[in-house]
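Chain letters run A, B, ... following the sequence lines, proteins first and then strands; every chain starts at 1. Keep in mind it's a predicted model, so treat the numbers as computed, not measured.
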There are 2 protein chains.
Amino acid sequence: MNDDSSRCRSNCPINFALETFGDKWTLLIIRDMMFKGKRRYGEFLASAEGISTNILASRLQRLEASGLIVSSKDPANRGVALYQLSPKGKDLLPVMLAITSWSGRYDALSSAPAAFLEELESDREGLTRKIRAAMEQT
Amino acid sequence: MNDDSSRCRSNCPINFALETFGDKWTLLIIRDMMFKGKRRYGEFLASAEGISTNILASRLQRLEASGLIVSSKDPANRGVALYQLSPKGKDLLPVMLAITSWSGRYDALSSAPAAFLEELESDREGLTRKIRAAMEQT
DNA sequence: CTGTATCCTTAGGGATACTG
DNA sequence: CAGTATCCCTAAGGATACAG
């Protein structure tokens, strides 16, 4: 039944993560949902990195298939799709914070404010809870 | 001079990380160095995922160019190269831990022992310091 | 605006032969 | 064993046209 094993290179957790979101675009969509509150197709398209329409559609499908996001139809807006993080997707928050912290330390161009990075370093667990609580409200 | 800006999609820290190690192979090499103590070409080749020789050579070059690893010649062994994590590479430890924790929660096949994952959850900072200290000794 | 479909180019990468 | 080089194929992805 579960013959996806043919596509699974190993049982390593790092490898599992790479096969789930290890490409150049997926984490950017996660970022847009997690930190920028984006929920619609056009909002993702508008991000600075310039994802193209076919790639965005492909990634949204893949993200939903792997359970990181859920889509719903917005009845107030011609049944247009709204994309949101699932709990599984929201649980990527510590990964995103760790990445942000690392980049802030080594990339002079990364635009994350120094104060934000300092807070990340000094109280990572507390900030995690805070952001998570904020996200749960929506 | 620094016209690499043409290859930089944005100044976002998530994007910076993706452009540094956001492919299907790089983090596996980091993992081998960080958690398995591998240092030589043949050791990376032998990992379960089956990286091919040209990709491995390409990734080792890229990793050294971006400063995540350093290579040295082993005078005791025909001047063969030894690859090790730089401080910048070792600082990816929190990223690796966060990924491992997430995969352990959602991938039934991930082989990380439950006890290890529980320890990650209950005392992530402490474990981070412990593993880091262990790595610094070499 | 929200997608889908198509065309086409390039980069990623598998297999393998080869050299020191 | 430690790499390099080559061949070739597939998947990723950019551009753009098109449809609801």
So, OP1 or OP2 of D:dG3: does either fall under 4.0 Å of a side-chain N or O from B:Y83? yes
Please determine, for the side chain of B:R78, which listed nucleotide (C:dG13, D:dA2, D:dA15) has the closest atom? D:dA2
Could you tell me the separation between the CD atom of B:E49 and the C1' atom of C:dG13, rounded to a whole number of Å? 15 Å
Can you see which heavy atom on A:L18 is nearest to which on B:K24, and at what distance? O-NZ, 3.0 Å
Between atom CG in B:L60 and atom C1' in D:dA2, what is the gap in whole Å? 11 Å
Test for a donor-acceptor pair under 3.5 Å between the base of C:dT2 and the side chain of A:T53, counting only N and O atoms. no
Atom-to-atom span, CG of A:D23 to C1' of C:dA11 - whole angstrom: 14 Å
B:R40 has a side chain; which of D:dC1, C:dG13, C:dC1 sits nearest to it? D:dC1
From the list B:Q84, B:E64, B:Q61, side chain to side chain donor-acceptor pair (under 3.5 Å) with B:S71 holds only for B:E64
Check every strand shown and say whether A:F44 touches a base, only sugar-phosphate, or nothing at a heavy-atom separation below 4.0 Å. nothing
From C:dG12, C:dG3, D:dA15, pick the nucleotide closest to the side chain of A:V80? C:dG3
Expressed in angstrom and rounded to an integer, what is the separation of B:I55 atom CD1 from D:dT6 atom P? 16 Å
Measure from the side chain of B:R62, starting at C-beta and using heavy atoms only, and say which of C:dG12, D:dA2, D:dT4 lies closest. C:dG12
From A:M34 atom CE to A:L92 atom CG, the distance as rounded to the nearest 0.5 Å: 5.5 Å
Are A:I55 and A:I69 in one and the same hydrophobic cluster, where Ile, Leu, Val, Met, Phe, Trp and Tyr link if side-chain heavy atoms are under 4.5 Å apart? yes
Roughly how many Å is it from CZ in A:R59 to P in C:dT2, rounded to a whole number? 20 Å
Quick one: label B:N54 by what it contacts on the DNA or RNA (base, sugar-phosphate, nothing), any heavy atom closer than 4.0 Å. base
Between the side chains of A:K36 and A:S47, does any donor sit under 3.5 Å from an acceptor? no
Atom-pair distance (CG on B:L45; C1' on C:dG13), nearest Å: 14 Å
From D:dT4, C:dG3, D:dT6, pick the nucleotide closest to the side chain of A:Y41? C:dG3
Rounded to whole angstrom units, what separation is found between the CD1 atom of B:I51 and the P atom of C:dA15? 13 Å
Measure the distance from CG on B:L28 to C1' on C:dG13 and round it to the nearest whole Å. 14 Å
Taking for each residue the nucleotide of DNA chain D bearing the nearest heavy atom, is the 5' side occupied by A:S52 or by B:Q61? B:Q61
Between A:K24 and A:L82, just flag the one whose closest nucleotide in DNA chain C comes earlier from the 5' side. A:L82
Answer yes or no: does a side-chain N or O of A:W25 lie under 4.0 Å from OP1 or OP2 of D:dA12? no
